[in-house]
Amino acid sequence: MAPALSPAPLPRAFYRRDPRVVAPELLNKVLVVRERSGRIVEVEAYAGAEDPGSHAFRGPTPRNASMFGPPGLLYVYRSYGIHWCANAVCGDEGVGVAVLLRALAPLTGLDGMRAARPGTARDRDLCSGPGRLCQALGLTGAHDGADLVTAEGGPFLADDGTAPPAAPANTTRVGLTRGAAHPWRWYVPGDPNVSRGRPSALPGARGVR
DNA sequence: ACCGGGATGTTCT
DNA sequence: GAACATCCCGGTG
C-alpha cells in the first residue's frame with residue numbers, strides 16, 4: 001500500500017490532450033520516483049507530425065515507440081549518447097505527442113540525488129536540466145514505456161495541491177535547429193532550478209533570469 | 001560571466 | 001558520415 005499522505009497519480013485524462021495545453025499545467029506538479037521527488041519547474045511540448053523538432057515527426061521507430069502508446073506513458077530516450085531525457089506522453093494513443101520534463105525543484109530524497117550526481121555543489125543544480133533530473137532521480141531507458149498512471153511502484157506524476165503559476169514564462173525550446181521558432185517551452189518565473197539552456201530562436205538570450 | 005570543445009550512442013541522410 | 005530535445009570542464013574577460 002502507498003503511504004496515506006502520498007498524492008495520487010494524475011489520471012489518464014489529464015494527459016489525453018494537446019501537449020501544448022498539458023505542458024504549462026504540468027508546472028508545479030510533482031515527479032515521484034521511489035523516495036526521490038521534485039516539483040516540475042520547466043517543460044517543453046513536442047507536437048508530433050506537425051513539429052519537425054519532435055522525435056515523432058517521421059512516425060514510429062523503435063526508439064520513439066512509447067510516444068505512440070497511450071497517454072500517461074513515460075518516454076525516455078538517450079540524448080547525445082550520454083544522458084537520458086524523460087517525457088510524459090500526451091494526446092490520443094497513436095498520435096505521438098509528449099511533454100519533455102526539463103527541470104525540477106528537489107523536494108524529497110535529496111541525499112539520494114546528491115549520491116547520483118557526485119560533484120554537484122548546489123542543490124539547485126541537481127535537477128536543473130533534462131539530463132540532470134534523470135540522473136538525479138535514477139531514470140534510465142529501463143523506465144521507457146512505464147505507465148505514470150497506474151504507477152505500480154514506478155515513477156508517477158502527482159498534484160500535491162500547488163496550482164500552476166498564473167503567468168508562466170514562455171519561450172522557444174532549447175537546443176533545437178528544426179522547429180526552433182515554436183514557443184513551446186514554459187517555466188516557473190524566477191525559480192532557481194530552471195535550466196540555463198538558451199531558447200533556440202533567441203541567440204544570446206538567457207533561459208532563466 | 002561567456003564561450004568552445006569533447007564525450008558518447010542512436011538515428012538518419 | 002553527420003546530426004543530435006546535453007552536460008561538464010577548462011579557457012578567457
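First the proteins, then the strands, lettered A, B, ... as listed; each starts at 1. All figures in this text were calculated on a predicted structure; none of them were measured in a lab.
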### Paired stretches of DNA chain B - 3 or more consecutive Watson-Crick or G-U pairs, each distance under 3.5 Å
B:1-7 with C:6-12, B:9-12 with C:1-4
### Task
Remember a base hit wins even if backbone is also touched, and classify A:Gly131 as base, sugar-phosphate or nothing at under 4.0 Å, heavy atoms.
sugar-phosphate
### Task
Quick one: list whatever passes side-chain contact (heavy atoms from CB on, under 4.5 Å) with A:Ala169, sequence neighbours left out.
A:Tyr187, A:Pro189
### Set of side-chain contact (heavy atoms from CB on, under 4.5 Å) partners for A:His182, sequence neighbours left out
A:Asp51, A:Arg173, A:Trp184
Cut-off 3.5 Å, no hydrogens considered: what does the side-chain donor-acceptor table look like for residues 91-104 of chain A, sequence neighbours left out?
unit_1, atom_1, unit_2, atom_2, d
A:Arg102, NE, A:Glu42, OE2, 2.8
A:Arg102, NH2, A:Ser195, OG, 3.2

Report, one pair per line, the protein and nucleotides 9-13 of chain B atoms (nitrogen or oxygen only) whose separation is under 3.5 Å.
unit_1, atom_1, unit_2, atom_2, d
B:dG9, O4', A:Gly81, O, 3.4
B:dT13, OP1, A:Arg58, NE, 3.2

## Note on the structure
Counting primed atoms, P, OP1 and OP2 as sugar-phosphate and everything else as base, the B/S/- map of nucleotides 8-13 of chain C against protein heavy atoms under 4.0 Å is S-----
### Summary
Hits for side-chain contact (heavy atoms from CB on, under 4.5 Å) against A:Pro11, two or more places apart or cross-chain, chain-then-number order -> A:Phe14
### Between C1' of C:dC4 and CZ of A:Phe57, the distance in whole Å
16 Å
### Task
Would you list the pairs meeting side-chain hydrogen bond (donor to acceptor under 3.5 Å, both in side chains) in which at least one residue belongs to residues 19-32 of chain A, sequence neighbours left out?
A:Arg17-A:Glu25, A:Asp18-A:Arg20, A:Arg20-A:Glu50
### Message
At a heavy-atom distance below 4.0 Å, what parts of residues 88-115 of chain A sit against DNA chain B?
### Response
none
### Task
Could you tell me which residues satisfy side-chain hydrogen bond (donor to acceptor under 3.5 Å, both in side chains) with A:Arg132, sequence neighbours excluded, listed by chain and number?
A:Ser128
### Task
Just grab all the side-chain hydrogen bond (donor to acceptor under 3.5 Å, both in side chains) pairs involving residues 68-81 of chain A, residues at least two apart or on different chains.
A:His55-A:Tyr75
### Task
List for me each residue that meets side-chain contact (heavy atoms from CB on, under 4.5 Å) alongside A:Asp160, sequence neighbours excluded, and say none if there are none.
A:Pro7, A:Val30, A:Arg39, A:Thr162
